[in-house]
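Just so you know, these numbers use all the heavy atoms, side chains as well, and skip hydrogens, waters and symmetry mates. Reminder, nothing fancy here: chain letters follow the sequence lines and each chain counts from 1. Bear in mind that the values here come from a model prediction, so they are computed numbers and not experimental data.
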There are 2 protein chains.
Amino acid sequence: MNDSQYYKLCNDVTIEIKKATLGLIGKPEAGEILRIGADGTPTDKIDDVAENAALSVLENDGRSMLFISEELGEKRIGGKPEFTFVLDPIDGTFNAVNNIPFFCVPIAIGRSDLSDIKYGFVKNLVNDDIYFAEKGKGAFLNNRKIHVSNISEISKLSVLSYSHRPNAMPVNNHNVRRVRVYGSAGLELCYVAAGLFDAFFDMRGMLRITDIAASKIIVEEAGGMITDDKGGKLLTPLNVRERLNMIASNGFVHDELLKTCVEE
Amino acid sequence: MNDSQYYKLCNDVTIEIKKATLGLIGKPEAGEILRIGADGTPTDKIDDVAENAALSVLENDGRSMLFISEELGEKRIGGKPEFTFVLDPIDGTFNAVNNIPFFCVPIAIGRSDLSDIKYGFVKNLVNDDIYFAEKGKGAFLNNRKIHVSNISEISKLSVLSYSHRPNAMPVNNHNVRRVRVYGSAGLELCYVAAGLFDAFFDMRGMLRITDIAASKIIVEEAGGMITDDKGGKLLTPLNVRERLNMIASNGFVHDELLKTCVEE
């Protein structure tokens, strides 16, 4: 199922990012702040190196596209764009800089907002696992079909949670089975798609489309559900200045988890 | 500084655990529940295999000791014990079973409770990093001396937090810079010792001495501070049935963080 016209391009980008950044993993210089990026947060050296590696692959692809990335913002490559290429050069920069083996490269192919993503690709840069999904064709981990979990009992849930709203149930370990926060939303959402975790929350108002556009279609194609914190469809435009809240789940617990978000 | 009489024993135990469990990492059978362990929680196959590997090293050491471990509880090896050997065979079992690269083996050498630990040894089973400390001799990562951070401003803290008390500040990403929960307390505490994170909380009343005895002395010898959730000295007896709450920090923020724990 890796016959998509986008698979090779995405894979080539992640291969070049891995080559370019490998020598920086765990090195203090990887975390040197070069400037403030287009997304309004500091650009570390490793992010900059990764983005440049991606850019040169895209410029040699031959297809025209709009390139959207955290550090440069947006850049037109070629003529009238055939598609929008959305990249977080390194998702989990703090982990990468500190040699904590949990970071990835998420790539989404879309058009104008989070509702029209047609392809998602997430490469785990540590072990080279590849999660991908094409609209209507299911979700895959290394070419093996994946599916969300079917747990519906709140006390049995394994949850990834950046919520931290005082009364939100999911942050309370006494109500769910397990809460983890690994620091790379793109990869953590793929764990929901693969059924390893049952839900993911981020209620800090800090998520960017570059963090989650790829995983959104992967979770949906794996049978899961992604909404904003009121249960609404995600319609955020594809640009790096937007910030959003989000819940992803296996679908069985979505409504009940949503209730915990509005109770505050 | 690895001239301690305990270094080789600890290292040999972790080498044998790694050999015995390598083929189980990421495999569903690793998570098969065999029985309820002495600590009152289920014994997964990988925990059992790891504990048996450790036991055979200890039985061949020649020294008499009291062996304390999560699954078997306690076992006397030889005659009158020279010391107590405290082990969590795999700290981060969920991660290991699911191929999430974050788990370790923590070992403490002590006598009767958490106040008389004299040696701590934590091996990161993924990348083989070794953290160790001997009472009065400093803390080390792979023979390089380590020290806690010196950050004292709450808004700049990177915190590992299993608290989840509704009003506890550290769980609120709006107050601290970064909250992470990687799922292996032994290794996460070593991150505090090495200055990568500034504080660690666990307020669930679920920690066992096997999780934290080794890292306690590593954090203290690195210049950090570890107390219960009221600021008191940890005096928990060395057995696997005890449960505790705990705060570890770089010392500069300890009092202020303690206040957030009692405000509830």
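Below 4.5 Å, heavy atoms of chain B meet no heavy atom from residues 207-217 of chain A.
Contact detail for A:Ile100 and B:Phe197: the closest heavy-atom pair is CD1-CE1, 4.1 Å. The minimum heavy-atom distance linking A:Val179 with B:Val181 is given by the pair O-CG1, 3.4 Å.
Highest contact tally toward chain A, considering only B:Leu196, B:Asn99, B:Leu160, is held by B:Leu196 [criterion: heavy-atom pairs under 4.5 Å].
A search for ring-ring contact (aromatic ring centres under 6.0 Å, His included) contacts involving A:Phe103 returns nothing, not counting sequence neighbours. For the side-chain contact (heavy atoms from CB on, under 4.5 Å) test, residues two or more places apart in sequence or in another chain that qualify with A:Asp129 are A:Asn124, A:Asn127, A:Tyr131, A:Leu141, A:Asn142. Residues satisfying the ring-ring contact (aromatic ring centres under 6.0 Å, His included) criterion with A:Phe252, sequence neighbours excluded, are absent altogether.
Put simply, the side chain of B:Tyr162 reaches to within 4.5 Å of the side chain of A:Arg180, judged on heavy atoms.
In this pair, B:Tyr182 and A:Tyr182 present their aromatic rings tilted. The plane angle is within the 30 to 60° band.
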